Amino acid sequence: MKTGRKDILSDKDIAVYALYLLGGWQKRIHTEDIALKCYELAPSKFSWVKYPQFPDPTPARFALEAAKKV
């Protein structure tokens, strides 16, 4: 999401940070664990639309795939 503001993190930024917080540089981390951490960090970006109280793993998975390509 490009808004022109530099203080807003992208989904990719949040997913990579979540991976870091979970120790992803030392060991493999399951995608669902990363999705849950993303939800904890930014619930409005990583939740279901109809049921925002639940984490949605899809945005985290797409963000991780995009980060792999960089």
Side-chain angles (χ1 to χ4, degrees):
M1 170 172 74
K2 296 201 179 212
T3 63
R5 292 177 51 186
K6 294 183 188 248
D7 61 334
I8 295 177
L9 295 175
S10 70
D11 290 359
K12 183 171 57 173
D13 294 332
I14 295 167
V16 170
Y17 182 58
L19 180 61
Y20 168 79
L21 291 175
L22 294 169
W25 77 94
Q26 296 174 327
K27 61 185 180 204
R28 294 179 72 106
I29 307 295
H30 197 280
T31 304
E32 290 176 356
D33 294 326
I34 300 166
L36 185 57
K37 181 56 81 175
C38 288
Y39 175 76
E40 292 170 2
L41 294 169
S44 64
K45 294 179 109 183
F46 293 92
S47 63
W48 291 3
V49 174
K50 189 171 179 182
Y51 302 103
Q53 70 272 25
F54 297 115
D56 182 0
T58 306
R61 187 171 43 87
F62 286 154
L64 291 168
E65 287 294 326
K68 268 194 337 189
K69 296 176 184 176
V70 175

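What you are looking at is a predicted structure, and each value in this text was computed from that prediction instead of being measured. Position 1 is the first residue of the sequence; numbering continues from there.
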> Can you name the closest pair of heavy atoms from A15 and A63 and give their distance?
Replying inline: CB-CB, 3.7 Å
> So with a 6.0 Å cut-off around CD of E40, is the heavy-atom count from everything else above 12?
Replying inline: yes
>> Working to the nearest 0.5 angstrom, can you tell me the gap between Q53 CD and Y39 OH?
In response: 7.0 Å
> Can you tell me how far CD of E32 sits from CZ of R61, rounded to the nearest 0.5 angstrom?
Replying inline: 11.0 Å
> Taking all atoms of both residues into account, what is the closest heavy-atom pair of K27 and L22, and its distance?
Replying inline: CE-O, 3.8 Å
> Are Y20 and I14 joined in one hydrophobic group, where the rule is that I, L, V, M, F, W and Y side chains link up if heavy atoms are under 4.5 Å apart?
Replying inline: yes
> For A35 and A60, which heavy atoms make the closest approach, and how far apart are they?
Replying inline: CA-CB, 3.7 Å
> After noting the C-alpha distance and the side-chain angles of Y17 and L41, does the key distance pass the side chain to side chain contact (heavy atoms under 4.5 Å, CB included) rule?
Replying inline: CA-CA 9 Å; Y17 182 58; L41 294 169; 3.9 Å; yes
> Quick one: OG on S10 to NZ on K45, what's the gap to the nearest 0.5 Å?
Replying inline: 6.5 Å
> To the nearest 0.5 Å, how far apart are CG in L19 and CH2 in W25?
Replying inline: 9.5 Å
>> Under the criterion side chain to side chain contact (heavy atoms under 4.5 Å, CB included), I'd like the reasoning laid out for Y51 against D56: C-alpha separation, chi angles, the key distance, then a yes or no.
In response: CA-CA 9 Å; Y51 302 103; D56 182 0; over 6 Å; no
> Applying the side chain to side chain contact (heavy atoms under 4.5 Å, CB included) test to I29, which of L21, L64, I34 qualifies?
Replying inline: I34
>> For P55 versus W48, what's the shortest heavy-atom pair and its separation?
In response: O-NE1, 3.5 Å
